[in-house]
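For reference, the structure discussed in these notes is given below.
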Protein chains: 2
Amino acid sequence: MDCQPANCCGARVDCAGCEARPLALCGALKAADVQVMGSIAYPRKLDAGKQLIHEGDPADDVFTLTDGMLKLYKLMPDGRRQITGFMIPGDFIGLAYGQSYVYSAEAVTPSTACRFRRSALLDKMAEYPELEHRLLSLASNELAAAQAQMLLLGRKSARERLASFLLGLASRRGVGEGDAMPLPMSRSDIADFLGLTIETVSRAFTVMRKERLISLPDKHSVIIDDHDALRDAAGD
Amino acid sequence: MDCQPANCCGARVDCAGCEARPLALCGALKAADVQVMGSIAYPRKLDAGKQLIHEGDPADDVFTLTDGMLKLYKLMPDGRRQITGFMIPGDFIGLAYGQSYVYSAEAVTPSTACRFRRSALLDKMAEYPELEHRLLSLASNELAAAQAQMLLLGRKSARERLASFLLGLASRRGVGEGDAMPLPMSRSDIADFLGLTIETVSRAFTVMRKERLISLPDKHSVIIDDHDALRDAAGD
DNA sequence: CACCAGAATTGATGTGGGTCAATGCCGGCC
DNA sequence: GGCCGGCATTGACCCACATCAATTCTGGTG
């Protein structure tokens, strides 16, 4: 779905109106330089379930997610899957100073990303050091998140994992107590992110609902009813 | 043990003779600029078991490990611990664009690190963009390692975890089949890195020894006797 | 609106690794 | 060289979560 007539090969990316920009790599640039990244960006739309990158493929392109949600994951030969993160607008995908992608990425919801040639990005980074600075800051945050996830996977119970996951999502999305929070990913995605099975995730949801920590208006939204109690349940 | 008479406040750090330099942040600089980082470095020696940084403390200093081994870890209030990585010479510690350290670091063996004030490093990075570039590359590698570790913690069996751990160590250290590899950390550290208990780690070692995949000449060394079989045991 | 296929929930049972406990081993110290 | 204390190993038992197996729910379609 790359390079559609409507938004490519002529029409450039509309960076000025991009909601993800303040959070994203491009947000590092001063207002006057808005078009610097836009001039090397190729917009790409993805339907839900479509793959953006494939682990092991040559990493020639990198991306900034502008809309939707992606999951990043690693697979084992026998099909076991670990989702290493869910990406939201502003997140950068493809960071890896090796030859190849070290994970796959797939759209959870219909998504839009800005594609850059890695080489073009490197050129721009040499010219605008604030880009590299921002990328380092994005990478640091991801690393901190990865370390928190290692603690979760290595040491937390199923209940603690689910509670931590919901709190983490809520804080990233800026959703407060009592607000409905979209939960676009499937139970199977949640399980593969938390290192559990679908059944265990489902049971943990049910228990928390019965304890009135959360409500589940439908399968793709949650309401955190008791934030403090959920924090306790998260274990830290 | 900061700022000892012998190597501080007068005698500067000997960067030219530093074995870790090619791998480390400072290795990004051209030979002519060897002293750039040395001029802002404070050497710090740590006995085994001593803490370098403490999760939650203000992150005013950052470090390059030049000798020895550190473990990075996160603790839960009830004492559960997850070791997120073992650092070897050349590794950078303290990366985190927040106010505070997001993990603690403790010496596994007697170690030496170069301490930098974060602010001084930021100044040098503004002046020498190749420093920031190198730091980004170090961060990317760490992120890739973190993602591999998430797969390990979320989806691998005890046996697969131990096999992966030994292979990872061997490749980082450049140790081949049949060579004795130092294993400076305790069984308890290995367990906390792999999300297991001491007992399970011990049993997995015993099984692999009986299967002749490895030998254990003493508690702090391993020999990989059958690299291919160990790869199979690692699951990917 | 009824049907249907895939997703989620719920229940029954199994098991890998945790827990608790005893024993073995090694290295530092007198 | 013998003693001692902490780490590692081994064994017996248990439990949280996985696995296997029905239902139940839901949203998309003719």
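Atoms considered below: every heavy atom in the structure, side chains included; atoms not considered: hydrogens, waters and symmetry mates. All chains are named by letter (A, B, ...) in the order of the sequence lines, taking the proteins before the strands, and each is independently numbered beginning at 1.
Rounded to whole angstrom, the span from the CZ atom of Phe205(B) across to the C1' atom of dA8(D) amounts to 11 Å. We find that CG of Leu162(A) is positioned 15 Å from C1' of dT9(C), with the value rounded to whole Å. For Ile198(A) and dT19(D), the CD1 to P distance is 11 Å, given to the nearest whole Å. Between the NZ atom of Lys210(A) and the C1' atom of dT10(C) there is a distance of 9 Å, rounded to whole Å. With rounding to whole Å, Asp218(A) atom CG is found 15 Å from dT9(C) atom C1'. Taking atom CZ on Arg155(B) and atom P on dA18(D), their separation rounds to 7 Å, with Å as the unit. In this entry the distance linking NE2 of His220(B) with C1' of dG6(D) reads 11 Å, nearest Å. The distance from atom CD1 of Ile190(B) to atom C1' of dT9(D) is 14 Å, rounded to the nearest whole Å.
Which of dG24(C), dA8(C), dG17(C) sits closest to the side chain of Leu196(B) comes down to dG17(C). Here the side chain of Thr200(B) is nearest to one of dT19(D), dG18(C), dT10(D), namely dG18(C). The side chain of Lys219(A) sits closest to dC25(D) out of dG17(C), dC25(D), dC26(C). When distances are taken from the side chain of Arg187(A) to each of dT9(C), dC17(D), dC20(C), the shortest belongs to dT9(C). Listed candidates were dG17(C), dT10(D), dA8(D). Nearest to the side chain of Ala158(B) is dG17(C).
Counted by atom type alone, Ser104(B) and Lys74(B) present zero donor-acceptor pairs between their side chains at under 3.5 Å.
Ring centroids of Phe193(B) and Phe86(B) are separated by less than 6.0 Å, placing the two rings close together.
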From CA spacing to verdict: ring pair (Phe, Tyr, Trp, His ring centres under 6.0 Å), Phe63(B), Phe116(B): CA-CA 6 Å; Phe63(B) 305 85; Phe116(B) 307 100; 8.3 Å; no

Intermediate values then yes/no, side-chain hydrogen bond (donor to acceptor under 3.5 Å, both in side chains), Ser111(B) and Asp67(B): CA-CA 5 Å; Ser111(B) 300; Asp67(B) 192 49; over 6 Å; no

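Sequence order on DNA chain D of the closest nucleotides to Arg161(A) and Glu199(B) puts Glu199(B) first from the 5' end.
Judged by distance alone, the side chain of Arg187(A) and the main-chain N or O of Lys219(A) form a donor-acceptor pair under 3.5 Å.
Side-chain atoms of Arg203(B) and base atoms of dG16(C) include no donor and acceptor less than 3.5 Å apart.
In this structure, Ser186(A) does not reach the dA7(C) phosphate: none of its side-chain N or O atoms is under 4.0 Å from OP1 or OP2. For Thr197(B) and dG18(C), the shortest distance from a side-chain N or O to OP1 or OP2 is below 4.0 Å. OP1 or OP2 of dT10(C) sits under 4.0 Å from a side-chain N or O of Thr206(A).
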